[in-house]
Amino acid sequence: MKRLVEADFCSRNTVALARSLIGKHLVVDTDGERGAFVITETEAYDGPEDLACHASKGRTKRTETLFGPPGCWYVYLCYGVHEMLNLVTGPVDYPAAILIRGLGEVSGPGRLTKHLGIDRRFNARTASVETGMWVEDRGSRPNEADIETTPRIGVDYAGDDWANRPYRFVLKA
DNA sequence: TAAGTGATCTCT
DNA sequence: GAGATCACTTAA
């Protein structure tokens, strides 16, 4: 078992990182209650040129976290209701992140955060034991053939080119 | 299929 | 300050 730290996420190849997160475990330890969940669905948001990535519209107060060091959580509110959980990747000043959309028993990014009790307090925090939420590699690798690759969800506004890119990874049941 | 929801960003 | 936008969910 290995806890993934900053160095594991500093690769510029966000798409490959997103794929490699499938089958790893998200561990939450808040209020003395610990839970570990298999990551089954991720999406890559890669760089300033990715029109689906928040940072493509420039560096702002909200997206500041995306430009920060890798291995941090980026949590933000969407549609006024749902908190989204992302893991920042790439070197400092390179805006990229992986959206965690699904865990073993939870499907849907909004439900996921609600289920785990995650909110914007985690934004810009490092993924570590100290902050109560991190990622672990428990050794078991899913079969490559069981990882499905599809375009991302809900990003039609980004234009055909970016909306159709195969940046989403799902572990088949 | 449509509407609810509120932070954020881009104009004034 | 006002208006548009939005990486979703739920109930019908």
Side-chain angles (χ1 to χ4, degrees), chain A residues 4 9 11-24 26 28 35 37-91 93-127 131 133-135 147-173:
Chain A
L4 300 184
F9 300 114
S11 163
R12 232 180 146 92
N13 194 340
T14 308
V15 177
L17 273 176
R19 185 187 178 93
S20 71
L21 270 189
I22 298 287
K24 293 199 169 31
L26 177 69
V28 195
F37 310 87
V38 186
I39 296 169
T40 55
E41 189 176 346
T42 61
E43 283 181 10
Y45 289 85
D46 185 20
E49 295 181 357
D50 181 352
L51 296 180
C53 182
H54 287 167
S56 66
K57 298 187 184 66
R59 191 168 185 154
T60 66
K61 195 175 178 185
R62 178 179 60 151
T63 59
E64 186 63 28
T65 310
L66 285 172
F67 292 83
C72 286
W73 300 113
Y74 170 49
V75 184
Y76 75 96
L77 189 67
C78 181
Y79 298 116
V81 186
H82 307 287
E83 320 265 0
M84 300 283 164
L85 177 63
N86 301 247
L87 188 57
V88 178
T89 64
D93 287 336
Y94 183 78
I98 297 166
L99 169 65
I100 304 194
R101 292 184 57 92
L103 302 175
E105 53 228 67
V106 194
S107 64
R111 307 195 57 186
L112 183 155
T113 49
K114 189 180 176 189
H115 186 252
L116 299 181
I118 294 164
D119 59 30
R120 278 158 289 162
R121 285 175 306 163
F122 281 94
N123 186 44
R125 290 221 212 163
T126 305
T131 57
M133 182 161 63
W134 65 94
V135 179
I147 300 180
E148 206 170 350
T149 306
T150 80
R152 291 173 292 187
I153 303 297
V155 294
D156 289 348
Y157 67 91
D160 286 349
D161 182 22
W162 288 101
N164 291 328
R165 293 205 182 197
Y167 281 8
R168 174 170 174 255
F169 303 98
V170 188
L171 183 66
K172 289 189 204 167

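Note: hydrogens, waters and symmetry copies are ignored here, and every other heavy atom, side chains too, is used. What you see is a predicted model; the values in this text were computed from it and never measured. Letters A, B, ... are given to chains in the order of the sequence lines, protein chains preceding strands, and every chain is numbered from 1.
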Who does dA7(C) pair with, Watson-Crick or G-U, both distances under 3.5 Å?
none
Across all strands shown, which nucleotide pairs with dT5(B) by Watson-Crick or G-U wobble geometry, both distances under 3.5 Å?
none
Check for a donor-acceptor pair, side chain of T42(A) on one end and backbone N or O of A18(A) on the other, with a separation under 3.5 Å.
yes
Atom [atom1] of [X] and atom [atom2] of [N]: how far apart are they, to the nearest Å?
X	N	atom1	atom2	value
Y74(A)	dC6(C)	OH	P	14 Å
Y157(A)	dA4(C)	OH	C1'	14 Å
N86(A)	dC8(C)	CG	P	11 Å

Selection from [options] that lies nearest to any side-chain heavy atom of [X]:
X	options	result
I153(A)	dC8(C), dG6(B), dT5(B)	dC8(C)
Y76(A)	dT8(B), dT9(C), dA7(C)	dA7(C)
R62(A)	dG4(B), dA7(C), dC9(B)	dC9(B)
T60(A)	dG4(B), dC9(B), dG6(B)	dC9(B)
R111(A)	dT10(C), dA7(B), dA7(C)	dT10(C)

What does R168(A) touch in the nucleic acid at a heavy-atom separation under 4.0 angstrom: a base, only the sugar-phosphate, or nothing?
nothing
Any side-chain N or O of [X] below 4.0 angstrom from OP1/OP2 of [N]?
X	N	answer
Y79(A)	dT5(C)	no
R101(A)	dC8(C)	yes
H54(A)	dA7(C)	yes

